[in-house]
Enquirer: 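Starting off with a structure, shown below.
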Amino acid sequence: MITGTKVLKHLDNLMERRPVTAQIQLDNFCNNFCSYCRYVGMPSKEKRSITLDEFKEYVRILLNMGVKGFILTGGEPTLSKDFDNITAWLEENEIPYGINTNFNVLKLIKPRYLKISIDGYDADSYKAVRGIDKYETVIRNLETYLKWKKENGVKTAVGIQKLGLDVEECRRFYEAHKHLDVDYFSFRPVESVRHSYYDTNDEKPVIAFLESLRQTDRRVQINYKYYQLRTCFEKCYGNFLQIAVNPNGDVIYCCHKSNEIVGHLTDPDILKKISEYDTNMETCPVPCRMTGPNALVRDMETSTNDSMFI
Ligand SMILES: C[S@@+](CC[C@H](N)C(=O)[O-])C[C@H]1O[C@@H](n2cnc3c(N)ncnc32)[C@H](O)[C@@H]1O
């Protein structure tokens with residue numbers, strides 16, 4: 001998760017307006033059909049996976065730009081053809097990466113973090129949200145992974161994610177999985193255009209519940225965006241801190257805007273193209289992963305001329 005303060009660890013990137021995190025969509029297809037997924041409209045005329053050679057080229061370009069961490073996503077990243085070779089190459093070269101996956105397919109990998117979107121708490125609730133009967137498979141995969149992780153002293157932070165819709169659902173999700181040796185439970189707010197979801201849904205009971213749960217189990221993470229659900233920006237101030245690449249190697253304005261192609265990663269002037277690109281903030285999901293960084297960069301850019309007096 002990119003929060004504003006995390007970015008302060010990478011002051012050079014911040015001052016030189018270079019990306020800290022690259023989000024790479026390894027493919028454009030998925031084996032789940034989530035009711036809430038904003039990527040459903042991804043331009044995917046034909047199925048496409050990034051090959052190992054392409055991936056290596058992209059990562060070299062991104063490292064040269066100053067990128068520190070790579071998020072593998074999709075579609076569903078574990079389905080991409082060269083997934084095993086790509087993760088093995090990242091690990092051999094000690095390149096920090098994390099992965100967002102539904103884990104319907106077991107992968108014994110060693111990312112910095114492995115975040116598994118589960119959403120459900122039993123077969124029916126899983127199917128209701130994710131459109132497929134795979135709850136038992138995911139839990140089995142997760143248990144196998146956790147056992148392997150322990151036996152091999154693997155440091156990967158393993159988290160399971162639920163979109164925090166209402167209290168009862170969050171409670172059931174926690175109760176169903178609290179016995180698992182995961183490192184964190186990620187409860188995440190719904191991201192919708194102009195926060196439309198939260199115009200009709202009150203977040204306060206969910207936040208109060210999650211806060212009380214966290215008192216008893218520190219593994220419960222309340223995504224910081226819960227506290228900024230309606231924060232909109234007139235421009236994406238911190239966009240330069242991330243870079244998102246689709247399976248064709250195109251740079252998209254951000255991972256939320258698959259249809260807005262800014263250029264190709266191999267374009268020598270791609271950073272300039274990104275900086276000159278203007279997006280319509282009215283179409284942005286709110287909140288978004290840039291909510292924290294946007295606030296930080298906006299404050300820096302608009303700080304008054306007494307900023308030297310603290
Ligand atoms: C599109 S998925 C791709 C990776 C993988 N297939 C998965 O299921 O995690 C990436 C993340 O986006 C999140 N996501 C998609 N649409 C969302 C929305 N409208 N609000 C909040 N999160 C969303 C998913 O929950 C998931 O954690």
Side-chain angles (χ1 to χ4, degrees), residues 1-2 21-44 47 49-50 70-80 83 87 97-107 109 111 113-120 125-132 134-135 137-138 141-142 158-166 169-170 173 182 184-201 203 206 221-226 228-230 242 244-247 252 254-259 283-291:
M1 187 195 341
I2 313 179
T21 306
Q23 180 125 351
I24 304 187
Q25 296 174 342
L26 290 187
D27 57 32
N28 59 2
F29 46 92
C30 191
N31 45 3
N32 284 190
F33 311 95
C34 303
S35 47
Y36 62 80
C37 185
R38 73 172 102 78
Y39 295 84
V40 166
M42 266 171 83
S44 54
K47 286 187 173 184
S49 295
I50 293 184
F70 296 82
I71 298 176
L72 307 185
T73 184
E76 170 49 41
T78 57
L79 302 180
S80 66
F83 181 83
T87 48
Y97 77 100
I99 174 164
N100 301 335
T101 172
N102 58 39
F103 224 44
N104 286 193
V105 181
L106 173 65
K107 295 289 178 186
I109 48 175
Y113 78 82
L114 171 70
K115 191 167 73 181
I116 305 174
S117 330
I118 298 185
D119 291 317
S125 57
Y126 188 91
K127 192 169 178 200
V129 178
R130 304 196 66 92
I132 187 167
K134 285 283 179 191
Y135 178 75
T137 307
V138 177
N141 288 347
L142 175 56
V158 181
I160 55 174
Q161 179 181 276
K162 157 143 193 56
L163 231 62
L165 301 171
D166 71 55
E169 291 219 333
C170 292
F173 182 81
V182 295
Y184 62 95
F185 296 85
S186 169
F187 289 94
R188 169 175 180 159
V190 177
E191 301 170 2
S192 53
V193 173
R194 302 302 286 182
H195 52 73
S196 54
Y197 178 82
Y198 289 103
D199 292 345
T200 47
N201 292 278
E203 74 279 13
V206 174
Q221 282 187 358
I222 312 170
N223 192 297
Y224 79 96
K225 289 178 281 190
Y226 267 113
Q228 295 178 39
L229 288 182
R230 295 171 186 78
Q242 63 76 47
V245 182
N246 77 12
I252 48 180
C254 75
C255 63
H256 299 160
K257 296 201 153 177
S258 303
N259 294 319
T283 62
C284 289
V286 176
C288 99
R289 59 199 285 264
M290 298 311 291
T291 300

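Index from 1, following the sequence. In each ligand, atom 1 is the first atom listed, and ligand 1 is the first ligand listed.
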Enquirer: For K115, state whether at least one heavy atom is located under 4.0 Å from any atom of ligand 1.
Expert: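 No heavy atom of K115 comes that close to ligand 1.
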Enquirer: Before signing off on this row, confirm whether E76 and ligand 1 have an N or O atom pair separated by under 3.5 Å.
Expert: yes
Enquirer: Could you check I99, V105, I50, T101 and say which one makes a side chain to side chain contact (heavy atoms under 4.5 Å, CB included) with F83?
Expert: I99
Enquirer: To the nearest 0.5 angstrom, please state how far the NZ atom of K162 sits from the CD atom of E169.
Expert: 4.0 Å
Enquirer: Checking side-chain polar atoms at under 3.5 Å, does N102 have a donor or acceptor matched by the opposite partner on N31?
Expert: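 Note: N102 and N31 side chains meet the donor-acceptor criterion.
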Enquirer: Is it true that N100 and Y113 share a donor-acceptor pair across their side chains at a distance under 3.5 Å?
Expert: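 There is such a pair between these side chains.
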Enquirer: Report, in ascending order of atom number, the atoms of ligand 1 lying under 4.0 Å from any heavy atom of L163.
Expert: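 Close to L163: 21 (C), 22 (N).
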Enquirer: Quick one: do E203 and R230 satisfy salt bridge (charged side-chain N to carboxylate O under 4.0 Å, His left out)? Show the steps, please.
Expert: CA-CA 11 Å; E203 74 279 13; R230 295 171 186 78; 2.9 Å; yes
Enquirer: Need the ligand 1 atom indices (1-based, order shown) with element for anything under 4.0 Å from a heavy-atom of N100.
Expert: 4 (C), 5 (C), 9 (O)
Enquirer: Does only the side chain of T101 get under 4.0 Å from ligand 1, or the backbone, or both, or neither? Count heavy atoms.
Expert: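 Contact part for T101 vs ligand 1: backbone (N, CA, C, O).
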Enquirer: Go through ligand 1 atom by atom and flag the ones less than 4.0 Å from a non-hydrogen atom of R130.
Expert: 8 (O)
Enquirer: Side chains of K115 and Y184, heavy atoms from C-beta outward: is any pair under 4.5 Å?
Expert: yes
Enquirer: What are the atoms of ligand 1, with element, lying closer than 4.0 Å to any heavy atom of Q161?
Expert: 24 (C), 25 (O), 26 (C), 27 (O)
Enquirer: In the protein, what heavy atom is nearest to atom 10 (C) of ligand 1, and what distance, to one decimal place, separates them?
Expert: T73 OG1, 4.0 Å
Enquirer: Can you list the ligand 1 atoms lying under 4.0 Å from a non-hydrogen atom of G75?
Expert: 3 (C), 4 (C), 5 (C), 6 (N)
Enquirer: Just to be sure I read this right, does ligand 1 sit under 4.0 Å from the backbone of P189, its side chain, both, or neither, counting only heavy atoms?
Expert: backbone
Enquirer: Of all heavy-atom pairs between I252 and S258, which one has the smallest distance, and what is that distance?
Expert: CG2-O, 3.5 Å
Enquirer: Note the single closest protein heavy atom to atom 14 (N) of ligand 1, along with its residue, its atom name and the distance in Å.
Expert: Y36 CE1, 3.7 Å
Enquirer: Which atoms of ligand 1 are found less than 4.0 Å from any heavy atom of S117?
Expert: 7 (C), 8 (O), 9 (O), 26 (C), 27 (O)
Enquirer: Ring centroids only, cut at 6.0 angstrom: are F187 and F173 within range, meaning strictly under it?
Expert: yes
Enquirer: Scan N32, T78, N141 and name whichever one has a side-chain hydrogen bond (donor to acceptor under 3.5 Å, both in side chains) with N104.
Expert: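 The residue from N32, T78, N141 that satisfies side-chain hydrogen bond (donor to acceptor under 3.5 Å, both in side chains) with N104 turns out to be N32.
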Enquirer: With heavy-atom distances below 4.0 Å as the criterion, list the atoms of ligand 1 near R188.
Expert: 12 (O), 13 (C), 21 (C), 22 (N), 23 (C), 27 (O)
Enquirer: Identify the closest protein heavy atom to atom 23 (C) of ligand 1: which residue and atom is it, and at what distance?
Expert: R38 NH2, 3.5 Å
Enquirer: How many angstroms lie between atom OH of Y226 and atom CZ of R188, to the nearest 0.5 angstrom?
Expert: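 One finds 10.0 Å between OH of Y226 and CZ of R188.
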Enquirer: Tell me the protein heavy atom at minimum distance from atom 20 (N) of ligand 1, and give that distance in Å.
Expert: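 Checking every protein heavy atom, the shortest distance to atom 20 (N) of ligand 1 gives E191 N, 3.0 Å.
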Enquirer: Please work out, at 4.0 Å between heavy atoms, whether the side chain, the backbone, both, or neither of Q23 comes within that distance of ligand 1.
Expert: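 Answer for Q23: neither.
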Enquirer: Can you see which heavy atom on R130 is nearest to which on D119, and at what distance?
Expert: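 Closest pair (atom of R130, atom of D119, distance): NH1-OD2, 2.6 Å.
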Enquirer: Would you say C34 contacts ligand 1, with heavy atoms under 4.0 Å as the rule?
Expert: no
Enquirer: Starting from atom 1 (C) of ligand 1, locate the nearest protein heavy atom and write down its residue, its atom name and how far away it is, to 0.1 Å.
Expert: Y39 CD1, 3.1 Å
